[in-house]
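Residue numbers count from 1 along this sequence.
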Amino acid sequence: MRLAKFIGTHGTPAVGLVRENEVVQFSSQDVTSLFEILDADDPVQKVESLLDNAQDTVALDQVVLLPPIDQQEVWAAGVTYKRSQTARMEESEAAADCYDRVYMSDRPELFFKATPGRVTGTGQTLRIRKDSKWNVPEPEFALALNSRGQIVGVTIGNDMSSRDIEGENPLYLPQAKVYDQCCGLGPWVVLASEYWKDHSELSQVKVQLSIVRAGNEVFQGDTSLDQLARSLEGLVEYLFRDQHFPRGAFLLTGTGIVPDNDFTLQPQDIVSIQISGIGTLTSEIVQG
């Protein structure tokens with residue numbers, strides 16, 4: 001089941017179920033947020049009950065999709081793939097030992113990424129900082145978590161990063177990661193119970209990144225989730241230690257695709273992230 005937020009038939013944000021090439025809009029009297037579904041004891045059963053009073057069906061290509069987030073915080077994990085460990089060490093010799101030790105440690109790197117207002121959806125813009133000269137997208141498998149710390153959905157994330165700022169000093173990580181339009185989520189949330197039976201199927205999940213500039217593909221990369229060095233459950237367990245999320249949370253699980261050191265994003269680049277079984281998150285890059 002694919003759950004989306006979009007501009008509904010009355011010109012206001014709505015929630016619905018994506019089926020093939022159409023979206024079934026739920027009644028606003030029954031549900032006003034994705035969280036109400038994701039936090040239900042049985043999200044699938046909740047969706048099925050909402051379909052009984054669904055109002056309208058709209059062609060998917062006629063819908064303006066919104067980022068599939070309500071009031072959740074977005075957090076992210078770092079150095080979870082071998083390639084990302086190497087890339088982070090390349091940013092700064094001074095930080096190399098720090099990132100190497102994080103990769104080997106039981107405790108993962110977790111950091112706050114975005115408030116809902118800093119998140120954009122597919123077809124919208126993502127930003128590169130005007131005070132940075134080395135910016136990259138980070139395609140990531142994203143988890144939708146309920147208030148009880150359970151993985152109830154999956155989506156695609158783009159953890160935009162200013163590598164030169166972070167490389168100058170690891171303490172600058174918040175500035176390299178958190179700013180206006182710094183995070184992409186979408187195109188929708190796929191309910192976890194419908195996405196896999198168990199996490200052994202993660203080896204079949206492929207992640208692809210394409211960057212197009214002036215009509216030409218200037219970067220392409222791919223990986224699979226079997227390259228993750230940490231378990232999804234382990235990342236979630238650490239995130240929920242000594243803090244609670246009454247509105248749930250999204251967790252980006254790290255990137256295994258990192259462009260070469262001589263690559264940086266430019267305004268008007270088109271970044272597309274595709275994850276098998278979910279879809280494609282596409283963003284245009286802006287600056288300043």
* Structure fact -> Looking only at heavy atoms, the pair that brings R129 and S162 closest together is CD-OG, 3.5 Å
* Asked: How close do G221 and F219 get, heavy atom to heavy atom, and via which atoms?
  -> N-CE2, 3.7 Å
* Structure fact -> Rounded to the nearest 0.5 Å, the CD atom of E109 sits from the CG atom of L173 at a distance of 6.0 Å
* Asked: CD of E166 to CD of E168: how many Å apart, nearest 0.5 Å?
  -> 11.5 Å
* Asked: Got a sec: does the CD of Q45 have more than 12 other heavy atoms crowding it under 6.0 Å?
  -> no
* Check: N21 side chain, L60 main-chain N or O, donor-acceptor pair, under 3.5 Å -> no
* To do: Please step through side-chain contact (heavy atoms from CB on, under 4.5 Å) for the pair M1 and E48, ending with a clear verdict.
  => CA-CA 10 Å; M1 289 184 173; E48 291 174 347; 4.0 Å; yes
* To do: Would you please name every residue forming a side chain to side chain donor-acceptor pair (under 3.5 Å) with T223, sequence neighbours left out?
  => none
* Can you find a heavy atom in the side chain of C182 that is under 4.5 Å from one in the side chain of K113? -> yes
* Verdict with supporting geometry, D269 and R213, salt bridge (Lys or Arg N to Asp or Glu O under 4.0 Å) -> CA-CA 5 Å; D269 282 355; R213 180 174 298 159; 2.8 Å; yes
* Asked: To the nearest 0.5 Å, how far apart are CG in L3 and CH2 in W188?
  -> 11.0 Å
* Would a hydrophobic clustering, with Ile, Leu, Val, Met, Phe, Trp and Tyr connected at side-chain separations under 4.5 Å, put L185 with L17? -> yes
* Linked, directly or transitively: L66 and V15 (ILVMFWY side chains, under 4.5 Å) -> no
* Asked: Does F112 have any ring-ring contact (aromatic ring centres under 6.0 Å, His included) partners at least two apart in sequence or in another chain, and if so, which?
  -> W75
* To do: Check whether more than 12 heavy atoms from other residues, nucleotides or ligands sit under 6.0 Å from atom CZ of R241, and answer yes or no.
  => yes
* Asked: What heavy-atom pair brings L235 and P108 nearest, and what distance separates the two atoms?
  -> CD2-CB, 3.7 Å
* To do: Answer yes if L228 and I278 sit in the same cluster of Ile, Leu, Val, Met, Phe, Trp and Tyr residues linked by side chain heavy atoms under 4.5 Å apart, and no otherwise.
  => yes
* Measure the shortest side-chain to side-chain distance between Y81 and L225 over non-hydrogen atoms and say whether it is less than 4.5 angstrom. => yes
* Which is it for V152 and L191 under the side-chain contact (heavy atoms from CB on, under 4.5 Å) test, yes or no, and what are the steps along the way? -> CA-CA 6 Å; V152 291; L191 289 182; 5.6 Å; no
* To do: Sequence neighbours left out, what passes ring-ring contact (aromatic ring centres under 6.0 Å, His included) with Y238? Give chain and number order.
  => none
* Are any non-hydrogen side-chain atoms of V136 and T264 less than 4.5 angstrom apart? -> no
* Asked: Among I128, V271, N135, which one satisfies side chain to side chain contact (heavy atoms under 4.5 Å, CB included) with M160?
  -> I128
* **Minimal non-hydrogen separation, L34 against I69, with atom names** => CD1-N, 4.4 Å
* Asked: NZ of K177 to CG of L252: how many Å apart, nearest 0.5 Å?
  -> 9.0 Å
* Asked: Would one find more than 12 heavy atoms of other residues, nucleotides or ligands at under 6.0 Å from atom CD of E217?
  -> yes
* **Test item: V24 and L51 side chains (from C-beta on) under 4.5 Å apart, heavy atoms** => yes
* What distance separates R230 CZ from T253 OG1, expressed to the nearest 0.5 Å? -> 12.0 Å
* Asked: Step by step, would you call Q62 with V23 a side-chain contact (heavy atoms from CB on, under 4.5 Å)?
  -> CA-CA 10 Å; Q62 299 298 311; V23 183; over 6 Å; no
* Asked: Do you know the tightest heavy-atom contact between A144 and V189?
  -> CB-CG1, 4.3 Å
* Indicate, with yes or no, if Y195 and L145 share a hydrophobic cluster defined by side-chain heavy-atom contacts under 4.5 Å among Ile, Leu, Val, Met, Phe, Trp and Tyr. => yes
* Heavy atoms, side chains only, cut-off 4.5 Å: are R148 and D39 in contact? -> yes
* With a 4.5 Å heavy-atom cut-off, do Q72 and F35 have their side chains touching? -> yes
* Flag, side chain of N146 to backbone of G149, donor-acceptor distance under 3.5 Å -> yes
* Structure fact -> Going by chain and number, the hydrophobic cluster around L171 (ILVMFWY, side chain to side chain under 4.5 Å) further includes none
* **Qualifying residues under side chain to side chain donor-acceptor pair (under 3.5 Å), relative to Q287, sequence neighbours excluded** => none
* **D70 and K5 ion-paired at < 4.0 Å** => yes
* Should L251 and L110 be marked as a side-chain contact (heavy atoms from CB on, under 4.5 Å) after you check the CA-CA gap, both sets of side-chain angles, and the distance that decides it? -> CA-CA 9 Å; L251 177 61; L110 295 173; 4.1 Å; yes
* To do: Answer with yes or no whether the side chains of D52 and S49 bring together a donor and an acceptor at under 3.5 Å.
  => no
* Shared ILVMFWY cluster between V58 and I7, side chains joined below 4.5 angstrom? -> no
* Heavy atoms, side chains only, cut-off 4.5 Å: are F141 and T155 in contact? -> no
* Asked: Can you tell me if E140 uses its side chain to pair, donor with acceptor, with the backbone of G254 under 3.5 Å?
  -> yes
* To do: Rounded to the nearest 0.5 Å, what's the gap from CD1 on I270 to OG1 on T282? Could you check?
  => 8.0 Å
* Asked: Given Q181 and T125, is the side chain to side chain donor-acceptor pair (under 3.5 Å) satisfied, shown in steps?
  -> CA-CA 7 Å; Q181 296 170 279; T125 56; 2.6 Å; yes
* **Enclosure of D106 CG (heavy-atom neighbours >12, cutoff 6.0 Å)** => no
* May I ask you to say whether K206 pairs ionically with D222, meaning some side-chain N is under 4.0 Å from a carboxylate O? => no
* Might you point out which heavy atoms bring S193 and V44 nearest each other, and give the distance in Å? => OG-CG2, 3.3 Å
* I273 side chain reached by I257 side chain, heavy atoms, under 4.5 Å -> no
* Would you please name every residue forming a side chain to side chain donor-acceptor pair (under 3.5 Å) with D30, sequence neighbours left out? => N53
